[in-house]
Enquirer: 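Attaching a single structure in structure tokens format; questions to follow.
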Number of protein chains: 2
Amino acid sequence: MNINITLRQLKVFREVARQQSFTRASKALFLTQPAVSMQIKQLEGVIGMPLFEKQGKQINLTDAGEEIKVLSETILQQIEETTQNLELLASGQQGKLRLAVATTVASVATRLMARFNERHPALSLHFIVTNREGLIDLLETNQTDIVIMGKPPEDLQLETQEFMPNPLVVIAPPGHTLCNRQKAVSLNSLFQHNFILREPSSGTRRAIERFLAAEGRSLESSMEMNSNDAIKQSVAEGLGLGIVSIHTVTSELEQGSLKLIDVTGFPLRRSWYLVQRKGRRLSPLSERFKAYIIEEVQNFHNSLQV
Amino acid sequence: MNINITLRQLKVFREVARQQSFTRASKALFLTQPAVSMQIKQLEGVIGMPLFEKQGKQINLTDAGEEIKVLSETILQQIEETTQNLELLASGQQGKLRLAVATTVASVATRLMARFNERHPALSLHFIVTNREGLIDLLETNQTDIVIMGKPPEDLQLETQEFMPNPLVVIAPPGHTLCNRQKAVSLNSLFQHNFILREPSSGTRRAIERFLAAEGRSLESSMEMNSNDAIKQSVAEGLGLGIVSIHTVTSELEQGSLKLIDVTGFPLRRSWYLVQRKGRRLSPLSERFKAYIIEEVQNFHNSLQV
DNA sequence: TATATTCATAAGTAAAACCTTATGATTTTC
DNA sequence: GAAAATCATAAGGTTTTACTTATGAATATA
């Protein structure tokens, strides 16, 4: 008669088995009674055995019917459960979030993620902190969904979105001669001093070099470090001046362990970008995360303007 | 696009997920590649989310895809398991066997069932021993599949099969005056003595009364008991003579604790019948049990004739 | 015994499911 | 850069599905 069991058959069967009646099942399913009879008959055809036996008005399950009853109940429930899980996925309340960020934004990103996680406890998180080079590699090999970085490379197929200012400032230890000047310090006088900078492949370093090139200058850096924390400490110790994203030194500025120097042309106006591969459809969760970040930054700016 | 998941979709999806390739899946399923694409696309339409994402040649599961993979694997396996169970049912190796027997055949039936159970260990057994009245009630209320009893009632819609002789014999305590006579004892001399019989609703009792009625006699029983064991003991104690199925006294005759009396017209030739309700389809297991019983009885007779 | 209830069956029909061939777009691989 | 591989899409056709209405048969109910 037929070749395969269908879910329709199981659904109708389950209702009949529950209701112990074809007619009642047909009403529950908003069908006519013959429609139910047919589904059951087809199922019996597939199985090769009767599933019900009539005793007068009463219908009873055969052994095979009992077997199919278990099957129908479990299968249909599993489908219902999966459907619910899928709805959670679709609404972004559950899922995998793969995020990679530049070293400089790590702390900001961590804070954002923690707050996002409170709203979406079911998410499974994959978080990578690395420098610009590493981020590009992750994007190319598709190991991450969203990246937060400085100016993204032009040669890759990317979708980018500028979402947050990233001012680069010059920092000095408290009491440095260039601090607290009335006027902005010139680049000339600035470069009398030693500098501690990030490695050449870092975004911060590249931003500085591009700015200097535009001014007709170049940089002979005295020290290189691959960690913002190390730079901050070194500057605080008096090893030299630093140029860093202001986001990395907010707490030190408040505590007074570091000071800003007002230099002509500074702060360098850079931005953070949300980046993803072009054409890559983000999971609903990732989409929500993006929306969340943008919203948060917006709120932050608004609060500053008040 | 669609309304419902189909098992076809899940089957195709599972293959694609396993093979990590549409083309390989299509070969494994003996389909063209577009056929696979379509099934997946329909499934995605039902789900409302993409299940795979392409990264160059490679295809990867999305979060939703992972969810559906679990679903497809579990559901399809459950169906396969159920199919196997159904095959066991169909071959009669598994199932419920509901059997009811007359008190008199209980020991014979027990032996048969035990041996049948050795061959079919997966069966679940429902065994009732009761008298004729009880058996008829069980049949009417459909609480049993097969009944073993004496002559079945005519007024019920039954399918019956005579399968085993059931001779009724007269028993006496050893040393009774009617024992070891040269000639068969006449009914006249027999009825000088007291009798111990089963209750009037029992098959054995009815058989005796019908025989006597044909001979123009009737019975004034001195004692009634509803258990064959009680009757045997009472006869052995000398309380009176008994008329019982020979099957109930085989061991006592061997031991010599009871003796047969050769009476004109005895043994009464009755039979045991296999009985089921007309039109009621037996489960494969019950069918096998019927076949088994008939075969065993056949073997038993053959061995007697050798 | 008439009536109501329950399931089975038949005929008819609109929709869908399922697959094929042909072809296109991308991406790897050589 | 050409060839090969992979998935997507379109068009077309046959089969199956899933109902419906109408009606019949068996059984319970009053």
Side-chain angles (χ1 to χ4, degrees), chain A residues 1-46 50-62 65 140-142 156-157 277-281, chain B residues 1-46 50-62 65 140-142 156-157 277-281:
Chain A
M1 167 170 309
N2 201 343
I3 295 182
N4 275 313
I5 290 185
T6 71
L7 290 175
R8 187 85 250 247
Q9 287 161 9
L10 289 180
K11 216 167 285 174
V12 173
F13 173 89
R14 177 176 68 168
E15 198 58 39
V16 175
R18 284 179 174 177
Q19 303 271 1
Q20 303 258 61
S21 151
F22 284 49
T23 306
R24 281 198 294 279
S26 73
K27 281 171 189 155
L29 296 166
F30 302 102
L31 289 174
T32 57
Q33 167 263 315
V36 173
S37 285
M38 290 181 111
Q39 290 293 338
I40 300 298
K41 195 166 186 204
Q42 284 188 37
L43 186 53
E44 288 177 336
V46 181
L51 298 171
F52 294 99
E53 57 182 13
K54 288 209 312 194
Q55 167 166 7
K57 262 181 155 161
Q58 184 81 6
I59 56 174
N60 298 319
L61 289 168
T62 62
E140 278 179 335
T141 57
N142 216 359
L156 285 172
Q157 296 268 7
R277 272 181 80 139
K278 201 161 246 162
R280 180 142 164 61
R281 259 193 63 179
Chain B
M1 167 170 310
N2 202 343
I3 295 183
N4 275 314
I5 291 184
T6 70
L7 291 175
R8 182 89 251 237
Q9 288 161 8
L10 289 180
K11 216 168 282 172
V12 172
F13 173 88
R14 179 177 66 170
E15 198 59 40
V16 174
R18 283 179 175 175
Q19 303 272 2
Q20 302 258 62
S21 153
F22 284 49
T23 307
R24 281 199 294 281
S26 73
K27 281 171 187 153
L29 296 167
F30 302 102
L31 290 173
T32 58
Q33 168 263 314
V36 173
S37 285
M38 290 180 111
Q39 290 294 338
I40 299 299
K41 196 165 185 209
Q42 284 190 35
L43 186 52
E44 288 177 336
V46 181
L51 299 170
F52 294 99
E53 57 183 11
K54 287 209 310 196
Q55 168 165 8
K57 259 181 157 165
Q58 184 83 5
I59 55 172
N60 297 318
L61 288 168
T62 61
E140 278 179 335
T141 56
N142 216 358
L156 286 172
Q157 296 267 7
R277 271 182 80 137
K278 201 160 244 160
R280 180 144 163 59
R281 261 193 62 181

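Within every chain, numbering begins at 1; the chains are lettered A, B, ... in the order of the sequence lines, protein sequences first and strands thereafter.
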Enquirer: From the options D:dA10, C:dC18, C:dC7, select the nucleotide whose nearest atom is closest to the side chain of B:Pro34.
Expert: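 In terms of side-chain proximity for B:Pro34, the closest of D:dA10, C:dC18, C:dC7 is D:dA10.
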Enquirer: Given atom CD of A:Gln39 and atom P of D:dT20, what is their separation to the nearest angstrom?
Expert: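 About 11 Å, once rounded to whole Å.
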Enquirer: Can you name the closest pair of heavy atoms from A:Ser21 and A:Ile59 and give their distance?
Expert: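 Shortest heavy-atom separation between A:Ser21 and A:Ile59 comes out as N-CD1, 3.7 Å.
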Enquirer: Estimate the overall bend of the helix from C:dT1-D:dA30 to C:dC30-D:dG1 from the end axes over five pairs each, rounded to 10 degrees.
Expert: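 Its terminal axes enclose an angle near 40°.
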Enquirer: Name the residue closer to the 5' end of DNA chain D, choosing between B:Gln20 and B:Met38 according to the nucleotide with the nearest heavy atom.
Expert: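 Looking at the nearest nucleotide for each, B:Gln20 comes out on the 5' side.
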Enquirer: Check the distance between C:dA16's C1' and B:Arg8's CZ and give it to me in whole angstrom.
Expert: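 Whole-Å distance recorded here is 15 Å.
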Enquirer: Are any side-chain N or O atoms of A:Gln33 and backbone N or O atoms of A:Thr23, one a donor and one an acceptor, separated by less than 3.5 Å?
Expert: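 Not at all, since once roles are kept as given, no pair shorter than 3.5 Å links the two residues.
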Enquirer: The side chain of B:Thr32 is closest to which nucleotide in this list: D:dT9, C:dC19, C:dT20?
Expert: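 Nearest listed nucleotide: C:dT20.
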Enquirer: Taking OP1 and OP2 of D:dA26, is either one under 4.0 Å from a side-chain nitrogen or oxygen of A:Lys54?
Expert: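 No, no such contact exists.
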Enquirer: Write down the atom of A:Val16, the atom of A:Ala25, and the distance for their closest heavy-atom approach.
Expert: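 Shortest heavy-atom contact: CG2-CB, 3.5 Å.
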Enquirer: Going by side chain to side chain contact (heavy atoms under 4.5 Å, CB included), B:Val12 matches just one of B:Glu15, B:Arg14, B:Arg8. Which one?
Expert: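 Going through B:Glu15, B:Arg14, B:Arg8 one by one, the side chain to side chain contact (heavy atoms under 4.5 Å, CB included) with B:Val12 is satisfied by B:Arg8 alone.
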Enquirer: Take the protein atom CG of B:Asn4 and the nucleotide atom C1' of D:dA18, then report the distance between them rounded to whole Å.
Expert: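 Rounded to the whole Å, the gap is 12 Å.
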Enquirer: Would you call B:Thr6 and A:Thr6 a side-chain contact if the rule is heavy atoms closer than 4.5 Å?
Expert: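 The answer is no, as the side chains (C-beta and beyond) never meet within the 4.5 Å cut-off.
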Enquirer: A:Asn60 has an atom CG; how far is it from atom P of C:dT6, in whole Å?
Expert: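 Checked: the CG to P distance equals 16 Å.
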Enquirer: Can you label the angle between the A:Phe13 ring and the A:Phe52 ring as parallel, tilted or perpendicular, going by 30° and 60°?
Expert: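 Tilted: the ring planes of A:Phe13 and A:Phe52 meet at 30° to 60°.
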Enquirer: Grab the CD-C1' distance between B:Gln58 and D:dC7 for me, whole Å please.
Expert: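 The distance from CD of B:Gln58 to C1' of D:dC7 comes to 13 Å, rounded to the nearest Å.
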Enquirer: Minimum heavy-atom separation for B:Gln39 to B:Gln9, with atom names?
Expert: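 Result for this residue pair: OE1-CG, 3.4 Å.
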Enquirer: Which distance, rounded to the nearest 0.5 Å, do you find between the NZ of A:Lys11 and the CG of A:Leu43?
Expert: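 If I round to the nearest 0.5 Å, the distance is 13.5 Å.
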Enquirer: Below 4.0 angstrom, which residues in residues 21-29 of chain B have at least one non-hydrogen atom near DNA chain C?
Expert: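 Heavy-atom cutoff 4.0 Å gives no residues at all.
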Enquirer: NZ of A:Lys41 versus P of C:dA10: gap in Å, rounded?
Expert: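 It works out to 7 Å between those atoms.
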Enquirer: Has the side chain of B:Thr62 got a donor or acceptor atom that lies under 3.5 Å from a matching backbone atom of B:Pro50?
Expert: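 Yes, the answer is positive, given that a donor and an acceptor are paired below the 3.5 Å cut-off.
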Enquirer: Which whole-number value in Å describes the distance from A:Leu31 CG to C:dC7 P?
Expert: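 My rounded result for the distance is 14 Å.
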Enquirer: In whole angstrom, what separates B:Gln9's CD from C:dC19's C1'?
Expert: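 That distance rounds to 14 Å.
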Enquirer: Test for a donor-acceptor pair under 3.5 Å between the base of D:dA8 and the side chain of B:Gln33, counting only N and O atoms.
Expert: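 Answer is yes: a donor-acceptor pair is held.
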